[in-house]
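Throughout, protein chains are lettered first and strands after them, A, B, ... in sequence-line order, and every chain is numbered starting at 1. This is a predicted model, so every value here is computed, not measured. Both backbone and side-chain heavy atoms feed into the values below; hydrogens, waters and symmetry mates do not.
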Amino acid sequence: SSGEINFTGWAGYPDLAGKVFPAFEQATGIKVNFTELPDQDTMFAQAKVAIEAGGIDVIEPTIDRWGGWNSNGLLGPWDPAKLALDNYLPGLADGSAGERSRANGELFYVPSNWGTEALVANAADAKLSDVASLGDLFNPDNQVVVRPHSALAAMGRWLDAQGKLPRPWLDGYTDMDAMVQLWDIALAEAIKAKGNVVQWWSGENEANAGFTANGATLGLCWDSTGYNLRNDGYKYIAPAEGAFAWHQGFVLMKNATNIDQAHEFAKFVSTPEGSAMWATAFSSNPVGKGSSNFMNPDVSAYYNGTFDDAALAKLWWWPEQSAEFIAKRGEYADKYKAA
Amino acid sequence: MSAGIDLDNVCCDFGTFRAVDHVNVSIKPGEFFSFLGPSGCGKTTILRMISGFNEPTEGVIRIGGKDVRGQRPNQRPTALIFQNLALFPLMSIWENISFGLEVRGVDKATRRKKAEELLKLVDLPGAADKMVSQLSGGQKQRVAIARALAVEPQVMLLDEPLSALDLKLRQHMRAELRAIQKRTGVTFIYITHDQGEALAMSDRVGVMSHGRLQQVADPRDIYNNPVNGFVASFVGENNVFSGTASPDGSGFARFDTQHGPFRARMAPGVTGKNIKLYVRPEHTILSETPAGENSVAVTVGDVAFEGNFISVTTTSDTGAQLVAELRNDGSTKVPATGGKLYASFDAAAAAILPDETAV
Amino acid sequence: MSAGIDLDNVCCDFGTFRAVDHVNVSIKPGEFFSFLGPSGCGKTTILRMISGFNEPTEGVIRIGGKDVRGQRPNQRPTALIFQNLALFPLMSIWENISFGLEVRGVDKATRRKKAEELLKLVDLPGAADKMVSQLSGGQKQRVAIARALAVEPQVMLLDEPLSALDLKLRQHMRAELRAIQKRTGVTFIYITHDQGEALAMSDRVGVMSHGRLQQVADPRDIYNNPVNGFVASFVGENNVFSGTASPDGSGFARFDTQHGPFRARMAPGVTGKNIKLYVRPEHTILSETPAGENSVAVTVGDVAFEGNFISVTTTSDTGAQLVAELRNDGSTKVPATGGKLYASFDAAAAAILPDETAV
Amino acid sequence: MNKKSNLLYHLYFGAFLFYMFAPLAIMGGAAFNDNKLPSVYPWKGFTERWFVDLMNDQVMWTSLRNTILVALAVVIISLPIGTAGAILVNSIAGRVRAVLYVVMVAPILMPGAVIGISTLLFWNNVSVPPGLHLSVLGQVSYIAAFVMLLVLARLQSFDQALEEAALDLGASHAQVLRRVLLPHLSPALYAGAAIAFFQSIENFNVTLFTRGTSNTLTVYVFSKVRSGITPTINALALMLIAVTAILALVYELRRRRQAKIEAAREAEARRAEEAMAI
Amino acid sequence: MGDLLRRYGTGLTGTFFVLTAFWLLALVILPNITLLEASFRPYLPVTEIGGPKDVYSFDNYRKFTANPIDSNLLAIPVTMPIHTITFLNTVIYSAVVTFVTFLLSYPLAYYLAKIADPKSLPTLILLLFIPLWVSEALRAFAWYIILTLNGPLNAVLTGVGILEKPIRWQNGVFTAYDAIMIGLVYTYVLFMLFPIYGSVQSLDRNQIEAAEDLGAKWWQTHWRVILPHAKPGIASGCVMVFMLSAGSLLVPAQLGSTRSNWFTQSIQQWMLESQDWNTGAAYSFLYILLCMVVVLLVMWIFKVKLSDIAK
Ligand SMILES: Nc1ncnc2c1ncn2[C@@H]1O[C@H](COP(=O)(O)OP(=O)(O)OP(=O)(O)O)[C@@H](O)[C@H]1O
Ligand SMILES: Nc1ncnc2c1ncn2[C@@H]1O[C@H](COP(=O)(O)OP(=O)(O)OP(=O)(O)O)[C@@H](O)[C@H]1O
Ligand SMILES: [Mg+2]
Ligand SMILES: [Mg+2]
């Protein structure tokens with residue numbers, strides 16, 4: 001086929017425009033018009049305008065957020081017939097992930113790559129438990145750099161793992177009453193341990209500098225941070241409770257004009273080569289079967305060093321978070337910061 | 001081209017304060033007319049009304065016979081020299097001068113030439129490219145004059161244009177202005193508080209006080225036949241005596257004062273509470289023997305040298321002060337302080353006038 | 001308290017331009033000294049050096065015998081009245097006046113009282129709470145005077161303080177200033193380009209031209225015995241003749257001009273390229289018959305009325321212009337324009353002087 | 001003024017310059033640091049790779065061009081708007097003035113995201129598609145307020161008599177504006193232009209929402225928060241600074257030479273004048 | 001109006017009105033009407049928009065006074081709604097920033113206007129503008145680096161022995177907002193400098209000389225003559241710096257400590273993270289309103305009339 005596709009995605013990954021899109025165009029004749037945005041909140045805002053003004057076909061949010069998009073009436077369903085759902089690695093587009101990709105029986109989300117948020121530790125100075133744990137983040141001997149809301153979730157999961165919560169932490173993501181109950185506990189505990197937080201991060205630069213310039217010894221950060229610091233004496237460690245894992249993928253705008261091309265595009269990123277290229281561009285993990293052969297060996301080696309099969313099995317995927325949940329989560333983050 | 005100006009019952013109020021009060025005067029085309037009056041009497045306000053920056057609260061102003069109410073300053077054929085000059089600080093001297101031509105679209109070379117000519121006229125050759133801030137006070141004033149002349153207006157309004165100039169230059173500029181006025185036939189309305197200037201330059205002079213026009217007449221009349229005490233004492237010096245007048249019907253009157261009876265001119269219609277006798281120092285004669293009438297025995301006090309004349313202040317035995325002006329022409333004998341003399345004056349040189357004003 | 005001031009070879013340069021050129025003068029404590037000179041001659045600059053706003057490029061300034069180099073204006077016991085007044089527009093009138101006291105920590109009630117007193121002195125009672133912008137030009141000047149008086153300085157420096165006042169007020173303020181000076185004994189240094197003012201008020205006058213001091217003397221000497229043509233013609237009017245002088249050794253000389261030979265005073269040391277004969281209009285006599293010597297046949301031209309005198313411009317047959325001043329004392333017969341008369345002057349009233357300056 | 005206190009002021013100015021430039025040294029050094037983090041610390045060795053990256057980054061150069069075009073447009077639009085606003089506020093009396101003033105300065109506070117979103121929605125409603133033109137309009141909405149404030153402060157010191165003098169000499173109102181008022185305002189206008197220009201260059205949020213598919217420098221560079229901003233931007237900033245500094249130097253040197261020539265000419269003219277007079 | 005017409009004529013006055021109207025209507029008021037309207041409606045899924053829950057209320061605004069927490073305000077313990085505290089902190093520290101920029105700028109403005117050689121002024125000002133080529137985010141990041149534990153400031157201070165061991169400046173020595181204030185002062189000081197420079201520059205030098213001649217010491221001259229004259233410029237500068245500081249997002253985000261929160265961050269959180277534009281808009285309008293009240297209040301306290309600023 002031919003034509004073009006208007007794709008709005010993440011900024012800062014030059015390989016997308018430099019390598020992936022040309023390959024895609026060569027394979028399909030479809031040209032990608034790429035709009036780069038810093039975060040999915042901005043993507044949401046752009047989508048809200050585009051739903052009236054047009055101009056966007058496909059966007060790339062994370063799996064836990066597209067629900068809010070859909071409730072704002074932004075998304076249209078994918079046609080599974082035009083995709084190749086068999087291309088995906090097990091557990092990414094089927095199973096619970098598959099369920100979370102659907103609403104009212106229709107498929108709204110297909111994965112593009114995934115990654116983790118785990119412990120970045122100064123090999124020399126971090127005080128870790130025998131088996132590194134999320135609880136180490138709240139050890140007063142460590143100086144930590146975290147995101148407020150991730151820290152609260154880490155606290156919740158740590159307490160949960162120790163059996164210190166009245167009900168499972170995951171309940172909070174489906175039931176707002178449970179959320180308040182659980183997050184109140186997590187907040188209180190986190191505030192007690194707040195003294196060892198030396199910095200918040202929100203982007204790669206802050207996370208990185210938090211360690212190198214501001215002397216943090218431990219952090220809960222993205223894999224990319226660990227990757228960037230791997231040669232500076234920092235390790236990327238999956239905690240005993242399991243690393244946080246995120247999942248990002250493509251959604252189709254309700255008023256997309258290049259439907260077929262969009263499907264071609266999503267399908268391309270599920271092929272071994274395509275998904276490998278996509279994941280390499282993000283320094284993250286691919287979603288397609290057989291893609292490992294095409295990955296950058298450096299990146300692969302790094303991941304394999306952190307995640308053995310057991311660690312992979314324990315990955316904790318960020319659950320879906322409703323608009324109401326996120327608003328409440330923000331409140332808790334605020335209180336945590338203000339404390 | 002020149003235009004006449006009529007002020008018809010013109011008043012101007014600032015809030016509740018009446019700065020100009022029912023002024024009536026007709027200035028003829030080509031006339032050199034001066035407003036003379038003390039500080040704050042409303043002279044500047046009149047000029048601002050003529051040039052359009054203030055509107056009269058009452059009354060009508062006509063330029064060339066046409067009511068100019070509502071006409072904006074840039075539509076009126078007048079050029080005003082501001083009391084504070086209002087030179088444009090960010091333009092060079094020649095740009096200041098040629099500004100009026102510039103806004104009329106005259107090309108640069110012509111403007112420059114004209115500016116240089118005018119600079120020569122005001123005795124500032126070579127200053128063309130200086131900035132305003134580089135000039136001394138007097139130099140600035142000359143530039144302001146040149147700037148107003150440049151637009152060759154039908155009516156020139158000059159608000160004390162010479163006040164910061166030295167005497168020499170002032171006299172040069174007086175003559176220059178007068179010559180320009182004669183040559184161009186432009187109507188000049190001139191404001192000054194320098195009576196010498198007003199008298200020497202003007203065809204007619206209007207003397208003002210507290211917003212009211214007291215007398216309009218030619219210079220000689222103003223000086224020699226002032227209508228009231230204010231005009232008499234504002235224009236030139238006077239020795240003044242209080243007393244009661246008894247007119248004799250022949251244009252003279254007997255005037256009884258505490259220094260004795262005098263005789264002086266008294267116009268028929270003169271009435272009013274505050275009638276006084278005025279006689280000028282230059283009409284006051286000092287002599288060693290008493291004169292026939294209007295003679296007072298005095299003691300010489302301060303003798304002030306003022307250049308072309310010498311001013312002698314004397315005190316009568318009754319405590320009145322009399323000033324006599326002597327010519328410094330070499331032949332004059334300057335009296336010594338403390339000397340006993342007689343001061344006298346001619347009845348025709350003294351006038352009995354109502355005070356009328358509250359200065 | 002008052003202090004004397006010595007200027008010792010003082011020069012002041014602006015870039016390459018020398019505004020004040022080797023000025024030497026000793027002003028005595030309590031003296032009333034005036035600098036008189038044309039616009040741009042450096043008067044203001046001298047005052048600014050004394051008050052400390054400019055430093056002399058060369059030479060020394062002593063106040064009360066003490067070299068004040070490096071002393072800041074607020075440390076010098078001087079008060080300057082600026083030519084542009086420099087009133088503080090954001091303070092009310094009384095705050096302006098009492099500013100000098102305020103910065104000395106005087107309490108408000110005292111300051112207010114003092115300000116009211118000074119306002120009365122300068123004839124502006126009731127203006128205390130007005131703002132500067134509400135005053136007319138002359139009223140502002142009076143406030144500036146009051147402000148300088150308030151700090152009771154040892155030396156008052158006045159830069160043309162009366163130039164915007166009308167004659168009446170100027171005379172009142174002259175007398176007032178003079179009285180204040182006498183009463184306080186403060187040294188006054190006064191700048192003016194009004195020769196009448198300089199002569200009438202000052203103990204001594206320094207006449208300047210192009211940054212150089214031409215003559216320092218008491219008023220009468222300045223007027224009657226000017227050292228050169230510049231002083232003669234800047235101070236008062238003159239009829240001037242060019243010619244060649246042949247001194248006769250007795251203090252007089254024969255002076256040959258194209259209008260015939262004259263005789264006049266000539267001081268022994270007088271030399272120089274540009275020697276001329278100067279005679280004042282008030283010493284020039286018009287008569288129907290020729291006088292014995294120094295007599296020229298003339299035709300009457302313009303007759304200008306100037307109040308207390310009448311200025312008659314005449315032209316000789318040889319084309320020279322001669323001005324005669326007649327007293328307007330009633331008895332004077334004013335010649336008619338076009339009349340044929342003789343102009344003459346006394347040899348003792350005329351002086352032969354070097355030109356010396358380049359005005 | 002006396003020399004001692006002048007020296008203090010000179011010292012203060014020097015200290016202030018140091019204060020302004022110290023952080024620049026930190027970020028300038030980063031352009032040569034072989035570290036993905038835009039910082040001199042930790043120092044990982046000298047590299048020119050950020051300059052090489054910069055040179056090869058076509059998008060960066062396009063973005064720079066866009067940025068400058070947008071900034072110029074913002075300057076051109078916000079100067080007249082801000083000046084007009086200042087003149088109105090200056091001449092209108094009473095309560096209206098306060099309301100006008102508040103409405104004018106309020107946009108400075110408005111979060112960029114709000115301006116961006118509202119601009120986008122509003123112009124979308126009147127069928128104006130997103131693009132850099134919308135970025136310009138969005139930016140002008142608050143940048144004009146800076147111009148307004150600067151001009152307002154300067155207007156206050158304007159002597160109205162000058163306007164009157166010009167009118168009296170026959171100038172039209174437009175001529176008065178051009179020849180008398182605007183020259184007086186020029187320091188404020190230059191400062192306003194500079195501030196408008198740099199604020200526009202700086203702008204991230206408004207532009208982010210309104211730009212459509214075009215990039216400006218700030219958006220291009222600072223969108224990369226997730227992956228990390230690299231020192232190429234430091235390299236670019238350093239180059240811009242270098243160009244400015246060189247311009248300043250050239251200007252200053254030329255001025256000094258000019259001044260010398262001028263002084264010589266003036267002295268010459270004066271000598272000639274004096275010679276003539278004598 | 002009459003004054004405007006007299007001074008500028010119909011054509012120009014009209015132009016001024018049209019330009020200002022374009023600005024305020026087309027660029028400010030009309031675009032915000034949609035959001036203003038939205039700010040009174042709840043954030044609902046698209047299916048419920050227009051439904052029974054979609055009614056006008058002040059609920060979004062009320063969130064400002066919800067969620068009381070225990071905290072400190074200028075070291076005084078208080079219990080207050082969390083966003084109210086954030087707001088108060090933002091206003092207070094913006095005011096401090098404004099004051100510090102004023103202290104820094106005034107001598108500089110005076111230097112540029114009255115002491116520096118006017119001929120080198122363009123060069124000096126160009127120098128001052130140089131830092132602006134570096135984007136605010138980078139400059140904030142540079143300050144972040146300077147203030148970090150391993151940063152140059154600590155290196156210098158420990159090097160010369162003033163400090164025994166490094167300090168985390170960013171987390172605040174005096175308040176949790178130290179680093180933010182340092183960053184804001186640095187970023188916005190020029191916005192204070194230029195208006196003050198503009199108004200000092202227009203002061204007649206004779207005014208200063210007259211004061212000095214009357215015996216005023218340097219500070220008296222400044223206090224009584226120069227400052228009053230510069231008041232409009234100071235007011236303009238203060239309004240600008242205050243508004244810019246209060247409206248800044250980058251600097252507080254970059255330099256904030258673990259205990260600081262700037263109100264713009266709260267708005268940003270509503271707008272973006274929570275995707276709740278309705279509450280985000282409500283917060284922005286409330287914020288603008290409150291800040292303008294603060295500005296007018298301060299002007300009133302300092303007896304700066306708008307009529308002083310404008311003429
Ligand atoms: N804008 C104004 N508002 C209020 N009063 C004013 C205004 N302009 C002038 N006045 C008052 O009106 C009177 C006349 O002022 P005007 O300027 O016409 O005086 P003047 O005769 O020119 O005086 P001077 O010779 O001192 O300049 C003065 O008392 C002055 O205080
Ligand atoms: N700051 C300056 N820079 C350059 N030249 C100056 C400066 N100040 C004064 N001058 C020049 O110095 C000369 C003397 O100026 P000054 O102000 O002392 O004159 P003045 O005698 O007071 O004149 P006026 O009676 O007109 O006020 C003038 O030619 C003037 O142009
Ligand atoms: Mg006047
Ligand atoms: Mg002078």
Applying a strict 4.5 Å limit to non-hydrogen atoms, the region of D:Leu17 in contact with chain E is side chain
Bottom line for D:Leu217: the part with an atom under 4.5 Å from chain E's heavy atoms is neither
Assess the residue pair E:Gln268 and D:Asn205 against the criterion (side chain to side chain contact (heavy atoms under 4.5 Å, CB included)); give the C-alpha distance rounded to whole Å, side-chain angles, the decisive distance to 0.1 Å, and a yes or no.
CA-CA 11 Å; E:Gln268 187 86 349; D:Asn205 273 320; 4.3 Å; yes
Test side chain to side chain contact (heavy atoms under 4.5 Å, CB included), reference E:Trp133, set D:Leu238, D:Ile201, D:Leu236, output is D:Ile201
*Counting only N and O atoms by type, is there a donor-acceptor contact under 3.5 Å from the side chain of D:His173 to the main-chain atoms of E:Leu12?*
no
Review point. Under 3.5 Å, is there a donor-acceptor pair between the E:Trp23 and D:Ser141 side chains?
Key: no
Closer than 3.5 angstrom, by distance alone: can the side chain of E:Ser236 be matched with the main-chain N or O of D:Leu150 as a donor-acceptor pair?
no
Does D:Phe16 CZ have over 12 foreign heavy atoms under 6.0 Å away?
yes
Heaviest contributor of heavy-atom pairs below 4.5 Å to chain E, chosen from D:Pro38, D:Ala191, D:Gly112, is D:Pro38
Item to complete: State whether the side chain of D:Tyr9 and the backbone N or O of E:Leu112 hold a donor-acceptor pair below 3.5 Å, judged by distance alone.
Response: no
Turns out that what part of D:Leu177 lies under 4.5 Å from chain E's heavy atoms comes down to side chain
(request) Please step through side chain to side chain contact (heavy atoms under 4.5 Å, CB included) for the pair E:Val185 and D:Tyr19, ending with a clear verdict. (result) CA-CA 11 Å; E:Val185 166; D:Tyr19 167 65; 3.4 Å; yes
Report task. Go through E:Leu138 and D:Val221 one step at a time and tell me if the side chain to side chain contact (heavy atoms under 4.5 Å, CB included) criterion holds. Result -> CA-CA 11 Å; E:Leu138 271 188; D:Val221 172; over 6 Å; no
> Do D:Met110 and E:Tyr287 touch side chain to side chain, with heavy atoms closer than 4.5 Å?
Replying inline: no
Greatest number of non-hydrogen atom pairs under 4.5 angstrom with chain D, of E:Leu249, E:Thr15, E:Ile33, E:Ile146, falls to E:Ile146
So, the part of D:Ala25 with a heavy atom under 4.5 Å from chain E: the answer is neither
One pair to check against side chain to side chain contact (heavy atoms under 4.5 Å, CB included): D:His10 and E:Tyr111. What are the steps and the verdict? CA-CA 8 Å; D:His10 285 297; E:Tyr111 170 81; 2.7 Å; yes
Ranking D:Met148, D:Met27, D:His184, D:Glu252 by heavy-atom pairs under 4.5 Å to chain E gives rank one to D:Glu252
